[in-house]
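Before any comments, here is the structure.
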Amino acid sequence: MPPVLSAHHLNKYFYDPTKFQVLKDITFEVQAGDFMAIVGKSGCGKSTLLYLLSTMDTAYDGEIEMAGTKLTGRSQDFLARFRNEHLGFVFQFHFLLPEFSALQNVMLPGLKLGKYPEKEVEERAMEKLRLIGMADFARKPASKLSGGQQQRVAIARALINDPTIIMGDEPTGNLDRANGDNVFSIFRDLARKGQTIIAVTHDPDFAAGTDRVIEMSDGMIIASYENPVQ
Amino acid sequence: MDLHIASQIAQTHLTAKKRQTLVAMLGVTFGIAMFITMISFMQGVNQFLEDSALDASPHIRLYNEVNTQRPSLIEQLNPGRFNVVYHQKPKDEQSRIKNGLTIAERIEREPGVLGVSPQVATQVFYNNGPIQLSGTISGVDIDRENRLYKLYTRLKSGSLNALKTNPDGLIMGTVLARKLNVRVGDKVTVTTPKGTTRVLRVVGTFGFGVGTVDNTRSYGNLSTVQEMLQRDPSYITDIHIKMIDPLQALPFGQKLRATYGYYTEDWATANTAILAGEKIRNMLTYVVSITLLVVAGFGIYNIMNMTVINKIKDIAILKATGFDARDIIAIFLLQAVFIGFTGGLMGLGIGFGISYLLSITPFDAGDFLSIKTFPVIFAAKYYVMGLLFGVITTILAGYFPARKAAQVDPVAILRG
């Protein structure tokens, strides 16, 4: 089975204030259904790597291929379309659109994809909210939700288009213990159902609960290992 | 690009900050309202002045210019030599148009001509006791003159028919009549440049609302004025012509000059000052209106810029979840267009209201001008123009912030 994501010899430089190599010859593959954590100390380049994989950062050398599509050297519009269809994001600072209700936040990427009529997108969004236990808050404005609730809605939003990969940048980083555990268990459930997930984290408990861990230091992968099956 | 989602997001942004949206709209509203009011009023004034000037003057006046500048006989015989002639007098030329009545009849048959009035115009003194006032008398066929200038609408007292039944009748400008202190039925002694005097009876007064006419002119019978000047019944000094289309007067005048060899003067030349004033007022209207709209545009630009900065996280999220640059531009441009369109529509309403109030405001223009209220024109094209200006301004003002929004780098924002 071909990998769902493959990165070949990724190099990236920061030029401000001085030229500095953040990523050094990163090469790895992710198989469909993997629940993978990228760990490492602050400044090791793990977030930078994630944003390269997310297709939002296009200034790098090397090659990224995802879901059988080569993503290096594509136009911004193509990449936007690709993100919409194949990627779901969960960020550290929840990041919902505050004026919209939880349901609308989840629906927006679905409406943008335009694969289903609006009515059906709404049903699917409700279904995703039910999946993460947020169905009761569907009509509430996002700005009225707590941090943990917002992060769960963000996961539902990431799921709306049945993405190939869900990417998380410290998805539990800004949450207290209880909410963090809650979010992690949602990820764990999704992974069990076959969802591919890549998450950057510095939470050792989170990393220990995943299937596979890539450890980075100074822009290089220094270790890659499988966690024992739980 | 999906306009439906973009408009949904734009709508949510607008309704989330109602006060800010309203303030941005009011900028456009005042700009457009001012534009509508100014242009309706200015064009009203232009139209009024043009009408009153055009009504009182012929489209084309055909006349014989008696030229005092002529070379002396010796100059003609010995050109280029040292000839000195002191104070040469003009020739005793008659200012008549030869075969004037025949020419008038021929011109009347030309296509595009509304009416022709051959007449005798002369300088006179009006005597009323010790008072002497200079003025002019036009000897006319009153029916023809009426056809050209709609004299019956200009009549302040008396009647036009009285002139036909009374050979010594006189229809006098209102201001002149007041200065001479005469009313209908009173007699006036008139002295011509030839030195003859004649007693005429005022049978009516008229007012064109143009000072130079009401102040000096009287109408008499053509034959009476010819008699006063001791001329024959074919003596004609001026032919006044009105066209169906005033703009045709200019080429037609040139044609007449070429055909008959007499001088012609068209309304545009005769009223250069009014036309120049019109151009200046138009310019003023546009300058003021465009200034207002530019100010409103900068208001929108500022507010949209602030919106983009406030929403920079939202923009990053939208881009991360697959909205492309065109979607983002559409979201913010739609907001600007909505502000421009709604603000513009409100502006049209308020502009119409102010114009209407202006058009019913009493305005005492004195005897000269025949208006009771401010002249205002209500024309659909000004409203279309206003709305168009408003929308174009807001699109321009909204485009730059929208483009800035589209260029937001989501990575920089999302990494925090």
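Throughout, protein chains are lettered first and strands after them, A, B, ... in sequence-line order, and every chain is numbered starting at 1.
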Around atom [atom1] of [X], are there more than 12 heavy atoms of other residues, nucleotides or ligands at under 6.0 Å?
X: B:N282; atom1: CG; result: yes
X: B:M42; atom1: CE; result: yes
X: B:F338; atom1: CZ; result: no
X: B:Q11; atom1: CD; result: no
X: A:F28; atom1: CZ; result: yes
X: A:F78; atom1: CZ; result: yes
X: B:F298; atom1: CZ; result: no
X: A:K12; atom1: NZ; result: yes

Counting heavy-atom pairs under 4.5 Å with chain A, the top scorer among B:A325, B:A320, B:P410 is B:A320
Turns out that what part of B:L318 lies under 4.5 Å from chain A's heavy atoms comes down to side chain
Given heavy-atom pairs under 4.5 angstrom as the criterion, report whether the side chain, backbone, both or neither of [X] touches chain B.
X: A:E118; result: side chain
X: A:T55; result: neither
X: A:L87; result: neither
X: A:Q76; result: neither

Check: Charged N to carboxylate O under 4.0 angstrom, A:R81 versus B:D324?
Finding: no
For the residue pair B:I317 and A:R157, establish whether any side-chain heavy-atom pair is separated by less than 4.5 Å. yes
Euclidean distance, [Y] [atom2] relative to [X] [atom1], rounded to 0.5 Å:
X: B:F323; Y: A:D77; atom1: CZ; atom2: CG; answer: 13.5 Å
X: B:Q8; Y: A:F100; atom1: CD; atom2: CZ; answer: 7.5 Å
X: A:R83; Y: B:T321; atom1: CZ; atom2: OG1; answer: 8.5 Å

Worksheet item: Got a donor-acceptor contact below 3.5 angstrom from the B:D314 side chain to the A:L97 backbone?
Response: no
Pair count under 4.5 Å, heavy atoms only, with chain B: among A:E99, A:Q104, A:E170, highest is A:E99
